[in-house]
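First comes the structure, then the notes that go with it.
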Amino acid sequence: MPTPRTAAGRIPRSGRPPLGTLIGLGVGALASWRVSRLLVSEDGPGQAVVRLRRAVDGPPLAGLMDCFACTSVWVGAGVAVVLFGGRLPVRDVAAAGLALSGAAMLIERMALDNEYLPEPDIDSPLVTVLDE
């Protein structure tokens, strides 16, 4: 069976039902912020993100997960491809990635002012501290 042709500059459809563009941007902004925040500032479950951060801390990947603004660009690009890859032209997916990065940075700026995440209690049995 022949595959359906796509318009120039479009990524083939994934088969999933389409998500509204505005709803997709809202969900994508929150997802981009959450993943960027996890990668840059948090330890992750079982210290998994700490281990990942240590693994990419040498050349040529040094600094890849140190800066929220930088990390949100590549996270936003990935989220844009997942949300809009089969429905929008490639140039619009690229613009959506930058928009998601900007939205994540705005959310981060608002969240920083409210001290929304306290530091965990190191003596808690639920917190694992890796030896340095």
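Nothing fancy with the numbering, it's 1 onward along the sequence. Here the structure is a predicted model, which means the values were calculated and not measured.
Side-chain atoms of Arg37 never come within 3.5 Å of backbone atoms of Ser32 as a donor-acceptor pair (strictly under, hydrogens ignored). In this structure, Arg53 contributes its side chain and Glu42 its backbone to a donor-acceptor pair below 3.5 Å.
For residues 77-86, the set of pairs meeting the side chain to side chain donor-acceptor pair (under 3.5 Å) definition, not counting sequence neighbours, is empty.
The shortest side-chain heavy-atom distance between Asp92 and Pro89 falls under the 4.5 Å cut-off.
Cluster membership check: Val56 shares its hydrophobic cluster with Val49, using side-chain heavy-atom separations under 4.5 Å among Ile, Leu, Val, Met, Phe, Trp and Tyr. Under the 4.5 Å side-chain heavy-atom criterion for Ile, Leu, Val, Met, Phe, Trp and Tyr, Val75 and Val73 are members of distinct hydrophobic clusters. Taken together through direct or relayed side-chain contacts under 4.5 Å among Ile, Leu, Val, Met, Phe, Trp and Tyr, Leu100 and Leu88 form part of one hydrophobic cluster.
Annotation for Gly24 and Phe84: closest pair C-CZ, 3.8 Å, computed over non-hydrogen atoms. When every heavy atom of Arg51 is checked against every heavy atom of Gly46, the shortest pair comes out as NH1-O, 2.6 Å. Shown here for Leu25 and Ala96, the closest heavy-atom pair between the two residues is CD2-CB, 4.5 Å. Between Trp33 and Ala111, the shortest heavy-atom contact is CZ2-CB, 4.2 Å.
Distance check, rounded to the nearest 0.5 Å: CG of Leu38 to CG of Asp43 gives 9.5 Å. With rounding to the nearest 0.5 angstrom, the CE atom of Met105 is 12.5 Å from the CE atom of Met110.
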Checking Leu39 against Thr71 for the side chain to side chain contact (heavy atoms under 4.5 Å, CB included) test, could you report, in this order, the C-alpha distance in whole Å, the side-chain angles of both residues, the deciding distance, and whether it holds? CA-CA 8 Å; Leu39 293 175; Thr71 302; 4.1 Å; yes

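Considering only residues two or more places apart in sequence or on other chains, Ser72 meets the side-chain hydrogen bond (donor to acceptor under 3.5 Å, both in side chains) condition with Ser101.
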